[in-house]
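A quick write-up on the structure given underneath.
None of the values given here were measured: they were computed from a predicted structure.
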Amino acid sequence: MTTISQTAGRSLRPSSSSGFFARLAGAAYALFDRLQRRTAVKTLNELDDRALRDIGITRSQIEDAVYGQFKAELRRYL
């Protein structure tokens, strides 16, 4: 008895829709990342200056720390 594979007639190249879904997934990830960072900035802004000092940043460094633009003096703590 011979069995024929269902994929025998299909091309192995990805379809054009897979590129669309990859871009869609990338956009969803970027949106999720942006929302997480906004939440982190909001949370850190709600802390008082003493709490910020305890974690090693000042109020003016919050966005730099959240968005990954660390100053040289902050890298030693991370």
Q | Exercise: identify the closest heavy-atom pair between R34 and Y67 | A | NH1-OH, 2.6 Å

**Q.** Transitive ILVMFWY cluster of Y29, excluding itself - 4.5 Å side-chain cut-off
**A.** none

Q: Indicate yes or no: at least one non-hydrogen side-chain atom of D64 is less than 4.5 angstrom from one of I57.
A: no

(Q) So, taking the atom named CG in D33 and the one named CZ in R38, what distance separates them when rounded to the nearest 0.5 Å? (A) 12.5 Å

Q: Indicate yes or no: at least one non-hydrogen side-chain atom of L44 is less than 4.5 angstrom from one of I55.
A: yes

Q: Applying salt bridge (charged side-chain N to carboxylate O under 4.0 Å, His left out), name anything that partners R59, two or more places apart in sequence or on another chain.
A: D49

